[in-house]
Amino acid sequence: MERIDGRADGAGLRVGLVAARFNDLIVDRLLEGALGALRQHAVDDDDIVVVRVPGAVEVPLLAQVLADRDDIDAVVALGCVIRGSTSHYDYVCSMVASGITRVTLDASKPVIFGVLTTENLEQAFDRAGGKLGNKGAEAAAAAILTTTALRAARAHA
Ligand code: INI
């Protein structure tokens, strides 16, 4: 039996972060959480690229540009969509989710979905360093585990 798993070691990995400015009170916390997790997993600051975009809808395009770069191993998409604050919540969620899914499969590279979709601001705070943890940090850790698993799977191919 062949078993492949990721490793929580980001040394030498190059990671792109794309973060929306919309709801920046929340997204800035996700971004700080993601940066902290990358550093904790030994990713060097010189190997991190951070791109800010206006809103979640714009995240997939910049994620695609980063994912297409040969010098980037994985991308983390960060944003926050809150139902209470918009009538087009469902459109924004669907655009960012389907966009990220397409980018990760087209690029055959990890593009991790670190976009909060919540009913209200309180739920968003809970997931941005509050009582439910920091989803930005979790997304960054997922980027490392997925990239190392991907490398191991390709090495065995
Ligand atoms: N963008 C978000 O990231 N979160 C939201 O909750 C949101 N709301 O509420 O509308 C939002 N809208 C902006 C959107 O992402 C685009 O930036 C805008 O439509 C321009 O394309």
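Whatever order the structure lists ligands and atoms in, that order sets their numbers, starting from 1. Just so you know, these numbers come straight off a predicted model, no measurement behind them.
- For ligand 1, the atoms sitting less than 4.0 Å from at least one non-hydrogen atom of Ile82 are 6 (O), numbered in the order shown with element in parentheses.
- Applying the 4.0 Å criterion to heavy atoms of Asn23 picks out, from ligand 1, the atoms 4 (N), 5 (C), 6 (O).
- Contact annotation: for Val57 versus ligand 1, heavy atoms closer than 4.0 Å belong to both the backbone and the side chain.
- Within the 4.0 Å heavy-atom shell around ligand 1 one finds Cys80.
- No donor-acceptor pair closer than 3.5 Å links the side chain of Gln64 to the backbone N or O of Pro60.
- Using a 4.5 Å cut-off on side-chain heavy atoms (C-beta onward), Val57 and Val96 make no contact.
- With a heavy-atom cut-off of 4.0 Å, Val53 does not touch ligand 1 at all.
- For a threshold of 3.5 Å applied to N or O pairs, the pair formed by Ala20 and ligand 1 contains no separation below that value.
- Under the 4.5 Å side-chain heavy-atom criterion for grouping Ile, Leu, Val, Met, Phe, Trp and Tyr, Ile112 is not connected to Val18 through any hydrophobic cluster.
- Looking at Leu13 and Arg151, their side chains come closer than 4.5 Å, going by heavy atoms from C-beta outward.
- Of the candidates His88, Met95, Arg21, the one placing a heavy atom closest to atom 10 (O) of ligand 1 is His88.
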Can Asp70 and Arg14 be said to form a salt bridge (charged side-chain N to carboxylate O under 4.0 Å, His left out), step by step? CA-CA 10 Å; Asp70 291 336; Arg14 297 152 307 174; over 6 Å; no
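- Within a 6.0 Å sphere centred on CG of Asp71, heavy atoms belonging to other residues, nucleotides or ligands number more than 12.
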